[in-house]
2 protein chains.
Amino acid sequence: MAKDTSNGKEEYIRVPKGTAKGTTLKFPGWYADDSWPGEAHIYKIDKVIFQGKSELQEIMVFESSSHGKVAILDGYIQLTESDEFAYQEMLTHLALCSISNPNKVLLVGGGDGGILREISRHSSIDHIDICEMDKMVIDVYKKFFPNIAVGYEDPRVHVHIMDGIQFISSVPEGTYDAIILDAFDPMGPIADVLADDSFLESVAKALRPGGVLSAPADSFWHKDFVIADTIANCKKIFKGSVNYAWTTVPTYASGVIGFMLCSTEGPTVNFKHPINPLKPGQNGVAKIPPKFYNSEIHAAAFCLPSFVDNGIDP
Amino acid sequence: MAKDTSNGKEEYIRVPKGTAKGTTLKFPGWYADDSWPGEAHIYKIDKVIFQGKSELQEIMVFESSSHGKVAILDGYIQLTESDEFAYQEMLTHLALCSISNPNKVLLVGGGDGGILREISRHSSIDHIDICEMDKMVIDVYKKFFPNIAVGYEDPRVHVHIMDGIQFISSVPEGTYDAIILDAFDPMGPIADVLADDSFLESVAKALRPGGVLSAPADSFWHKDFVIADTIANCKKIFKGSVNYAWTTVPTYASGVIGFMLCSTEGPTVNFKHPINPLKPGQNGVAKIPPKFYNSEIHAAAFCLPSFVDNGIDP
């Protein structure tokens, strides 16, 4: 193959070895997301804006050529400005639009504030708890991603800097109408969390009868992800509805992220048919309407390709 | 950053310069798809299986670590074994399941045979024309992708090695119930084709009243793609229904591919509600059921994120 010498120099990026771990800035100039073995998605870095380390993790923020600002946690893409809204809006509203008049909501993780921004659109809510372990995450987002961290400006928000598992087990039974989990890396450990019975049990206990859980789940394109197993495990704990949904997020591996939606025993929840649509003009601290979510795409998110394992509520 | 010396050597890939053109095998060992500037999707090559050049284009086939065999045309990913079915099934059945008893179908391009394999599932059809310019494409797929080229085994298929535009203008008016275009690179020139009035007019003329066209369109995530403009242009020519749909294909840029579905004046076609569902057990030469398509995901494909330009049939 001929050498390209069009600009007099060549650029190289260290290729990840097919390990599961991301490779943050291994070669200056590009970031490689190699969440899935044998392939990687690489992004041109225009400028590194922040690099820091808390007791819990490393954070990097860079301005990319193609996706606005990008936040990297411990080597993994957490979000990009170009498509964060698809994930944040769907994770939030698939749950909150499926129950009437949610009043009290808990967010575990989600320190960036984007889920808070989305919860803020629901005027029926009068109390929002967020439990984030790492204060640095909050500070970094407030400084560099004001359109995401805007969620903290909602006066109904109560911030708890502590471990979510501990927090959940400390609240009285039946406290919340909805719990949203946003604490886990979307590429691997999710399945583990959704297989952790004692954690799921404490989540279910903290929900009222007919209360709902929304959590990220693997892409259905992930070869090692068996949706039927995750559904079966959630059904052991959640005696109401259990459904898998998905949406498109270009900067997550395979371009798809999944969601698990679960409800506790009590008033029936039909996640596939939102009964509490977002009201036009009620945008909370987001100020602008949702960019991605609408009732049509809510229902469509539950339609799955034929190859996907079944075991799903019909 | 610490150097990773875990296996005693490092691997490098030449980073594309943000040009629109793909970079086939620029560094041995990896293929980089850089369809969109500022980012790239890279794939580990286990083995190069074929490299050839016809009068029209270059073809490369490699065995990838993560996506089975991959076919590259002139530097661009044409398909991978791991997800080709999503594209082929949707492009085909979004059209053919929207009209009752399709009888005569034309495929322009699609020399790989995958669309033929999908058309073959429809037992109402008694004549299938395929117009492919490059015989080498057909030969390569027959040799290396038997599960895709299996489409050629359908005895209703008539192969024409010639230019599609020429072929279409030579057929009598109203010849086809459906025309499927699969001749154009999904990352750029599509919009040009869908803006080429004289070509679209010859397609519309070759269709019967209430006949349908299916063609790939850009991803709605493509910043330069204005769906409303493409729809408006198609509506100038197609006086029936004009709709944009989409699906997930992980190895296409942004993980999303779009489709334009258009019908000519005549019996009304409602693309969003398939009236001609695939019949279980009728698999034609494919022998196995569809892996991706079903009636639910057909309807869901027309549900769009809120940010997408409107101008779409309600």
Side-chain angles (χ1 to χ4, degrees), chain A residues 1 4 6-7 10-15 17-19 23-27 29-30 32 36-44 46 64-67 82-83 85-86 219 221 223 246-256 289-294 296-297 299-307, chain B residues 1 4 6-7 10-15 17-18 23-30 32 36-44 46 64-67 82-83 85-86 219 221 223 246-250 252-256 289-294 296-307:
Chain A
M1 294 284 154
D4 179 347
S6 50
N7 67 356
E10 292 188 283
E11 291 183 89
Y12 289 89
I13 182 168
R14 238 268 317 277
V15 165
K17 300 292 195 302
T19 56
T23 53
T24 308
L25 255 193
K26 284 274 172 72
F27 185 85
W30 291 76
W36 289 8
E39 62 183 308
H41 201 146
I42 63 176
Y43 301 90
K44 188 151 181 39
D46 280 350
S64 70
S65 292
S66 48
H67 289 276
S82 72
D83 57 7
F85 57 88
S219 163
W221 289 108
K223 288 178 185 71
W246 65 282
T247 201
T248 157
V249 182
T251 57
Y252 287 160
S254 84
V256 163
K291 292 188 201 169
F292 195 91
Y293 180 88
N294 54 58
E296 276 204 342
I297 213 147
F302 293 90
C303 299
L304 302 178
S306 301
F307 75 88
Chain B
M1 295 286 155
D4 179 346
S6 51
N7 68 354
E10 292 186 285
E11 291 183 273
Y12 290 89
I13 181 167
R14 238 267 319 276
V15 166
K17 298 291 195 301
T23 52
T24 307
L25 254 194
K26 282 272 172 73
F27 185 85
W30 292 75
W36 290 8
E39 62 183 308
H41 201 147
I42 63 176
Y43 300 90
K44 187 150 182 42
D46 281 350
S64 70
S65 293
S66 48
H67 290 276
S82 71
D83 58 8
F85 56 89
S219 164
W221 289 108
K223 289 177 184 71
W246 65 282
T247 201
T248 158
V249 181
Y252 287 159
S254 84
V256 162
K291 291 187 199 170
F292 195 91
Y293 180 89
N294 55 57
E296 277 207 339
I297 213 146
H298 177 129
F302 293 90
C303 300
L304 302 178
S306 300
F307 75 88

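First the proteins, then the strands, lettered A, B, ... as listed; each starts at 1.
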Heavy-atom distance under 4.5 Å to chain A: side chain of [X], backbone, both or neither?
X	value
B:S64	neither
B:D46	neither
B:Y293	backbone

Next item on the list: Could you have a look at A:C303, A:S65, A:P289, A:S82 and say which one has the most heavy-atom pairs with chain B under 4.5 angstrom?
Entry: A:C303

Next item on the list: May I ask you to test the B:D83-B:Y252 pair for a side-chain heavy-atom distance under 4.5 Å?
Entry: no

Item checked: Cation-aromatic face contact A:K291/A:F85, 6.0 Å, 45 degrees -> yes

Margin query: Is it the case that the side chain of B:K223 and the backbone of A:S66 share a donor-acceptor pair, with hydrogens and angles ignored and the cut-off at 3.5 Å?
Written below: yes

Notebook entry, point to check: In terms of the angle between their ring planes, are A:H41 and A:Y43 parallel, tilted or perpendicular, with boundaries placed at 30° and 60°?
Noted result: parallel

Next item on the list: Show your reasoning for whether side-chain hydrogen bond (donor to acceptor under 3.5 Å, both in side chains) applies to A:W221 and B:T248.
Entry: CA-CA 10 Å; A:W221 289 108; B:T248 158; 2.8 Å; yes

Note to self: I need the residue from B:P250, B:A301, B:G255 with the largest number of non-hydrogen atom pairs under 4.5 Å to chain A.
What the structure shows: B:P250

Checklist line | Contact origin within A:A299 toward chain B - heavy atom pairs under 4.5 Å | finding: neither

